[in-house]
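Atoms within each ligand, like the ligands themselves, are counted from 1 in listed order. Residue numbers count from 1 along this sequence.
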Amino acid sequence: MNVLVLNCGSSSVKFQVVQTDLDLISKDADKRLASGVIERVGSESLIAFSAEGRPKFRTAEPLRDHRAALDRILRWVVAKDSGVPEVSSLSDIHAVGHRVVHGGEKFTMGVLIDDAVVDGIEDTIELAPLHNPANLKGIMAARELLGPGVPQVAVFDTAFHSTMPETAYLYALPYQLYRRYKLRRYGFHGTSFRYLAYRYRLMTGKKPKDVNIVALHLGNGASACAIKGGESVDTSMGMTPLEGLVMGTRGGDMDPAVAEFLHHREGMSFEQVDTLLNKQSGLLGISGLTNDMRELLEEEKENGDRRARLAIDIFCARVRKYIGAYLAQMGGADAVVFTGGIGENSAEVRARVCKGLEWMGLTLDAARNKAAVGGKDAEVSSAASRLKAFVIATNEELLIARDAVRIIKGAPRRW
Ligand code: ADP
């Protein structure tokens, strides 16, 4: 089956076309046929598409909304000169898999989308006001443009964390707030963590129940996950993605009284505080330069910029703190696994995160660590290291495509 995987953000649409099926999954032989992104949906949009193995097609065009963006994607995918293999008309798209950010407590696995599921996703808008409306727009647009005969599946970023115990997901707030609003930790990056657990299992030959790792998704958004017995038992993002690690523009953990202080001293409304915490903090806030880790590393190296160094150091210290906390919660683990744009590409950040962890048995192999960049999966700890370290390039789209096939064929799986 050719599955169109869609990831709709508030002003962007990312996609992949993945050829997969139950037999291809069992052989780990699925094929990506095309991928692309449209940014700045709603104004002069930036388009970058590519068929597998072909150079990128780039252009800019005004695209009014998500429907117009999806229409543009579909027209490109089926056009002869795009060079997408195996797809020459819309009937060659057999299913759609959507990344949906928030599934609340209702969705603990991917589901086939029908009207009741759409209602369920609408019900979680209160918990994810920025993300879920965009996901719904993508679902509606796909229904309209591909017709009701093409099955659509929703895969939730929160679902993998539905196994967390109450001790991890409840906030120590008055309990009735949880009862009334389902106010609790949900966690995100779930599909990425599930992929890491799966790939780690293939790399080490372990069974799902023997996967005990601290997984670190370090990108512009960043979170940590304690995976014990193959299941998420704790994660650093919370009711929203704001909690936990330091991120590109999000501050992560801090005293909630900061919000009140800013309200009084700076006269900020709660919306303004929310914007400050989500968009102006983190690496950008500390450095005053950029949210981009690669630029900060360059700035530190070339100009010795003090605040660039501070931003990187605070980022790494927070990650290290979570590794320690999760190892304590889990009663130890077998490996720490890095992924995301920073985790997959920056040997420097990995080395700085792991520095000083030798006492608990984690020693990186400098040469292996340096070589593990650019999407390569590798073990990066030394042979003697008791706690191993791995780099695994995440592939959420692949899992979404596989989930779509499994659900459509009546063989859903958590793994
Ligand atoms: P998103 O959360 O938006 O998916 P990504 O996973 O693409 O983000 O990660 C983006 C981050 O990865 C940026 O901070 C970028 O600077 C960083 N990054 C990418 N390549 C490198 C590299 N070679 N060295 C350091 N950081 C890198």
Side-chain angles (χ1 to χ4, degrees), residues 5-16 35-41 46 48 99 101 130-131 134-135 157 187-193 195-196 215-225 235-237 240-252 278-302 305 307-309 311-316 318-319 337-354 369-378 380 391-400:
V5 179
L6 285 180
N7 180 355
C8 295
S10 53
S11 66
S12 69
V13 179
K14 290 190 194 142
F15 79 95
Q16 283 195 11
S35 60
V37 59
I38 301 184
E39 288 167 311
R40 298 202 206 154
V41 172
L46 302 176
R99 172 186 180 225
V101 170
L130 287 180
H131 298 101
N135 299 144
D157 237 26
F188 300 86
H189 289 140
T191 311
S192 176
F193 291 130
Y195 180 81
L196 293 193
L216 302 166
H217 182 116
L218 309 180
N220 195 35
S223 71
C225 180
T235 192
S236 59
M237 282 178 168
T240 77
L242 191 51
E243 194 180 345
L245 302 182
V246 174
M247 313 182 205
T249 59
R250 295 187 192 116
N278 271 295
K279 303 234 159 86
Q280 296 154 8
S281 302
L283 296 176
L284 172 66
I286 299 164
S287 70
L289 291 172
T290 174
N291 63 320
D292 192 297
M293 180 60 92
R294 192 168 15 189
E295 287 175 21
L296 287 175
L297 287 161
E298 277 163 19
E299 197 58 40
E300 181 191 39
K301 194 162 155 213
E302 278 160 30
D305 188 277
R307 276 171 53 192
R309 171 168 303 123
I312 302 164
D313 283 343
I314 295 174
F315 177 95
C316 294
R318 185 78 55 87
V319 176
V337 182
F338 289 89
T339 196
I342 300 169
E344 290 168 31
N345 294 300
S346 179
E348 166 80 13
V349 169
R350 293 192 299 256
R352 280 159 80 163
V353 165
C354 296
N369 185 41
K370 207 167 158 203
V373 288
K376 280 187 231 124
D377 296 346
V380 293
V391 175
I392 296 180
T394 196
N395 195 343
E396 293 155 278
E397 292 82 4
L398 177 69
L399 269 202
I400 294 172

A.B. asks: What is the nearest protein non-hydrogen atom to atom 23 (N) of ligand 1, stated with its residue, atom name and distance?
C.D. replies: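 Scanning the protein heavy atoms, the shortest distance from atom 23 (N) of ligand 1 goes to Asn345 CB, 3.4 Å.
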
A.B. asks: In the protein, what heavy atom is nearest to atom 4 (O) of ligand 1, and what distance, to one decimal place, separates them?
C.D. replies: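 Its nearest protein heavy-atom neighbour is Lys14 NZ, 4.8 Å.
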
A.B. asks: List every atom of ligand 1 that sits less than 4.0 Å from any heavy atom of Leu297, numbering the atoms from 1 in the order shown and giving each element.
C.D. replies: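 In order of numbering, the contacting atoms are 25 (C).
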
A.B. asks: If I take atom CG from residue Asn395 and atom CD from residue Glu397, how far apart are they, to the nearest 0.5 angstrom?
C.D. replies: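 Rounded to the nearest 0.5 Å, the CG-CD separation comes to 6.0 Å.
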
A.B. asks: How far is atom 26 (N) of ligand 1 from the closest protein heavy atom, and which atom is that?
C.D. replies: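 Here the closest protein heavy atom is Arg294 N, 3.6 Å.
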
A.B. asks: Compute the minimum heavy-atom distance from Gly221 to ligand 1 and say whether it is under 4.0 Å.
C.D. replies: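 Yes; Gly221 lies near enough to ligand 1 that a heavy-atom distance drops under 4.0 Å.
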
A.B. asks: Locate the shortest heavy-atom distance separating Leu196 from Val337; write the atom from each residue and the value.
C.D. replies: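 Here Leu196 and Val337 meet closest at CD1-CG1, 4.0 Å.
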
A.B. asks: List the closest protein heavy-atom neighbour of atom 25 (C) of ligand 1: residue, atom name, distance to the nearest 0.1 Å.
C.D. replies: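 Residue, atom and distance for the closest contact: Ser346 CB, 3.5 Å.
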
A.B. asks: Would you call Glu348-Arg352 a salt bridge at under 4.0 Å N-O?
C.D. replies: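 Yes, charged N to carboxylate O under 4.0 Å.
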
A.B. asks: Quick check: Gly340 and ligand 1, any N/O pair under 3.5 Å apart?
C.D. replies: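 Checking ligand 1 against Gly340, no N or O pair falls under 3.5 Å apart.
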
A.B. asks: Look only at interatomic distance and state if Leu218 has a nitrogen or oxygen under 3.5 Å from any nitrogen or oxygen of ligand 1.
C.D. replies: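 No, since none of the N or O atoms of Leu218 sits under 3.5 Å from an N or O of ligand 1.
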
A.B. asks: Among all protein heavy atoms, pick the one closest to atom 5 (P) of ligand 1 and tell me residue, atom and distance.
C.D. replies: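 Going atom by atom, the protein heavy atom closest to atom 5 (P) of ligand 1 ends up being Gly341 N, 3.7 Å.
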
A.B. asks: Suppose we measure from atom 13 (C) of ligand 1 to each protein heavy atom; which comes out shortest, and what is that distance?
C.D. replies: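 Nearest neighbour among protein heavy atoms for atom 13 (C) of ligand 1, to 0.1 Å: Met293 N, 4.1 Å.
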
A.B. asks: Pair Ser236, Leu245 - check side chain to side chain contact (heavy atoms under 4.5 Å, CB included), show working.
C.D. replies: CA-CA 7 Å; Ser236 59; Leu245 302 182; 4.1 Å; yes

A.B. asks: What protein heavy atom sits nearest atom 17 (C) of ligand 1, and how far off is it?
C.D. replies: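 So the nearest neighbour among protein heavy atoms is Ile342 CG1, 3.6 Å.
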
A.B. asks: Nearest protein heavy atom to atom 8 (O) of ligand 1, by residue and atom, and its distance?
C.D. replies: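 The answer is Asn220 N, 3.1 Å.
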
A.B. asks: I'd like to check whether Asp292 has a polar contact with ligand 1, where a contact means an N/O of the residue lying under 3.5 Å from an N/O of the ligand.
C.D. replies: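 Such a contact does occur with ligand 1.
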
A.B. asks: Check the angle between the aromatic planes of His217 and Phe193 and answer parallel, tilted or perpendicular using the 30° and 60° thresholds.
C.D. replies: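 Ring orientation, 0 to 90° scale: perpendicular.
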
A.B. asks: With rounding to the nearest 0.5 angstrom, report the CG to NE2 distance, Leu218 to His189.
C.D. replies: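 Result: 9.5 Å between the selected atoms.
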
A.B. asks: Can you tell me how far apart CD1 (Ile314) and CZ (Arg307) are? Round to the nearest 0.5 Å.
C.D. replies: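 Result: 10.5 Å between the selected atoms.
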
A.B. asks: Stepwise, does the side chain to side chain contact (heavy atoms under 4.5 Å, CB included) test hold for Met237 with Met247?
C.D. replies: CA-CA 11 Å; Met237 282 178 168; Met247 313 182 205; 3.7 Å; yes

A.B. asks: With a sphere of 6.0 Å drawn around CZ of Arg40, does it hold more than 12 non-hydrogen atoms of other residues, nucleotides or ligands?
C.D. replies: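 Atom CZ in Arg40 is not crowded, with 12 or fewer foreign heavy atoms closer than 6.0 Å.
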
